[in-house]
Number of protein chains: 2
Amino acid sequence: MDTLHGMTQPPRRRDAAGTRQALLAAARHRFATNGYAATTVRDIADEAGVNVALISRYFESKEGLFEACLTGAVDEIGHSVAAGIPLDDLPRIMVEKMLDDQAGKHRLLLLLRTAGDPAADQVRRNVLRTIAERLVASAGLDAPDAVLRAEMVLATALGLVLMRSTIAVEPMASVDQEDLVEPLGDVITALLRPSPRAS
Amino acid sequence: MDTLHGMTQPPRRRDAAGTRQALLAAARHRFATNGYAATTVRDIADEAGVNVALISRYFESKEGLFEACLTGAVDEIGHSVAAGIPLDDLPRIMVEKMLDDQAGKHRLLLLLRTAGDPAADQVRRNVLRTIAERLVASAGLDAPDAVLRAEMVLATALGLVLMRSTIAVEPMASVDQEDLVEPLGDVITALLRPSPRAS
DNA sequence: GTGTGACGTAAACAACCGTTTACTTATCCG
DNA sequence: CGGATAAGTAAACGGTTGTTTACGTCACAC
């Protein structure tokens with residue numbers, strides 16, 4: 001990645017696939033951090049170090065570029081969240097996937113960004129529903145509200161990323177990610193442990 | 001299409017305070033549901049049934065109108081979330097405040113909308129921090145990570161509103177709000193109960 | 001070498017943005 | 001009344017948006 005931000009670069013070789021990836025990376029970053037409407041195609045092109053017209057050429061439109069970002073993120077999320085993870089390992093894995101690198105954070109944030117496209121909204125709903133059902137399977141639950149509870153785990157994760165990055169409220173934003181594992185584990189246990197609620 | 005929401009009304013009297021409120025209501029609705037950048041001043045003016053120029057007159061600018069919406073929401077949140085609420089009553093109160101009426105939902109969503117204004121971001125951080133500290137006081141906690149855990153409760157609440165309204169993932173979106181009380185109570189208990197974690 | 005097609009760019013495009021100006025009209029006090 | 005002032009509006013402003021067009025220029029087969 002020789003052409004990121006304002007860094008001066010060797011005169012740029014011609015490589016369609018490469019610039020396509022550069023545009024995708026820049027768009028993921030901008031869309032995730034600033035949202036769809038607040039991001040201009042010139043912002044993305046500048047960050048990728050290429051001309052604006054290439055967005056229309058490679059992705060047809062700004063909305064096409066956004067959809068490419070979203071489906072890419074959805075694929076990566078789908079691959080990294082496998083079924084059959086032991087419940088005890090879940091909190092640490094979630095914290096690592098969501099907060100370890102920038103990419104994981106941006107993937108999650110992209111799920112919250114909307115471009116007004118109904119198709120994109122459906123993609124969003126599907127991936128969250130699918131992940132929730134995998135969590136239910138991993139926990140071995142069969143209660144009628146199991147999926148609802150799994151989605152509440154995801155709600156906690158989404159809110160966590162938001163408060164840590166976008167909103168940046170203290171102490172949540174600056175605390176070591178290790179300190180998030182235990183409380184998140186408590187939440188997961190409370191929501192997904194097979195029979196925690198007596199009557 | 002005389003005034004609010006298209007509802008026909010008496011031909012609109014001249015009332016500065018009234019139109020100011022109409023603009024505020026329309027702006028809260030649009031900003032909360034569509035975000036700051038995706039909302040145009042003409043959208044807001046049309047929904048309020050007044051002319052665009054009045055936004056600049058009464059609130060100086062689009063950003064001024066947004067700040068007025070945000071501080072208004074922050075005030076109402078601050079008033080409705082008192083300190084000293086019994087931990088057992090908290091989940092039901094939170095569900096009612098956040099999901100009962102549209103207004104509560106919009107107040108929460110406004111906290112997630114950003115206009116690029118640093119002052120607004122600070123307001124956001126302050127109110128979340130303050131609410132978290134009130135939760136700690138209500139729970140009677142003094143653990144070093146108490147505020148962090150309280151903020152995680154708020155993260156769950158924010159994620160819940162997002163998944164129920166903006167993302168609208170099933171079954172979270174369509175389930176009766178009563179069914180959210182018990183799982184939310186489990187989360188609050190797991191995070192805020194004075195001594196749940198042995199050593 | 002050379003030309004041919006893909007890659008990249010600069011400039012222009014119409015449409016829309018937030019904001020301002022110039023103007024009309026209702027309301028109220030004397 | 002009647003005119004002064006506040007409330008509201010229509011239209012235009014410069015700037016920015018996403019997109020397209022027209023034009024260089026590098027790379028590679030021959």
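Here is the naming used below: chain letters follow the sequence lines, and residue numbers restart at 1 for every chain.
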Winner on side-chain proximity to A:R14, out of C:dT9, D:dC26, C:dT25, is D:dC26
Mind checking whether [X] and [Y] have side chains closer than 4.5 Å, heavy atoms only?
X	Y	value
B:V175	B:R164	yes
A:L135	A:L154	yes
B:T166	B:L112	no

Whole-Å distance separating the [atom1] atom of [X] from the [atom2] atom of [N]:
X	N	atom1	atom2	value
A:Q21	C:dC7	CD	C1'	17 Å
B:N51	C:dT25	CG	P	15 Å
A:D46	D:dG18	CG	P	12 Å
A:L23	D:dT19	CG	P	13 Å
B:D15	C:dT27	CG	C1'	12 Å

For residues 54-66 of chain A, which residues have at least one heavy atom under 4.0 Å from DNA chain D? A:S56, A:S61, A:K62
Could you list by number each residue of residues 34-43 of chain B showing a heavy-atom separation from DNA chain D of less than 4.0 Å, or answer none if no residue does? B:R42
Please check if atom CZ in B:R134 has more than 12 non-hydrogen atoms from other residues, nucleotides or ligands closer than 6.0 Å. yes
Show me the pairs that pass ring-ring contact (aromatic ring centres under 6.0 Å, His included) and involve residues 117-139 of chain B, at least two apart or across chains. none
A:S61 side chain to A:G64 main-chain N or O, any donor-acceptor pair under 3.5 Å? yes
Kindly say whether B:D75 contributes a backbone atom to a donor-acceptor pair with the side chain of B:H79 at under 3.5 angstrom? yes
Heteroatom pairs (N/O) under 3.5 angstrom, protein to nucleotides 28-30 of chain D:
none

Once side chain to side chain donor-acceptor pair (under 3.5 Å) is applied, what residue pairs with a partner in residues 102-120 of chain A remain, sequence neighbours excluded? A:E76-A:R107, A:Q102-A:K105
Check every strand shown and say whether A:A16 touches a base, only sugar-phosphate, or nothing at a heavy-atom separation below 4.0 Å. sugar-phosphate
With sequence neighbours excluded, residues passing side-chain contact (heavy atoms from CB on, under 4.5 Å) with B:A68: B:L24, B:F59
Restricting to side-chain contact (heavy atoms from CB on, under 4.5 Å), what partner residues turn up for B:R125, sequence neighbours left out? A:I167, A:A168, A:V169, B:D121, B:Q122
Give me the distances for all protein-to-nucleotides 28-30 of chain C N/O pairs that come in under 3.5 Å?
none

Between A:A17 and B:A53, whichever has its closest DNA chain C nucleotide further toward 5' is A:A17
Taking only Lys NZ, Arg NE, NH1 and NH2, and the carboxylate oxygens of Asp or Glu, determine whether A:R149 and B:E182 approach each other closer than 4.0 Å. yes
Is the positively charged end of A:K62 above the ring of A:F31, judged by distance under 6.0 angstrom from the centroid and angle within 45° of the axis? no
Considering only distance and modelled atom types, tabulate donor-acceptor pairs under 3.5 Å from the side chains of residues 48-56 of chain B, sequence neighbours left out.
residue, atom, partner, partner atom, Å
B:N51, OD1, B:A53, N, 2.9

Rounded distance [0.5 Å steps], CD in A:E170 versus CG in B:L128: 12.0 Å
Partners of A:D88 by salt bridge (charged side-chain N to carboxylate O under 4.0 Å, His left out), sequence neighbours excluded? A:R193
Residues at least two apart in sequence or cross-chain that pass salt bridge (charged side-chain N to carboxylate O under 4.0 Å, His left out) with A:R57, listed by chain then number, are none
Note down the inter-axis angle between the two ends of the helix from C:dG1-D:dC30 to C:dG30-D:dC1, five pairs each, to the nearest 10°. 0°
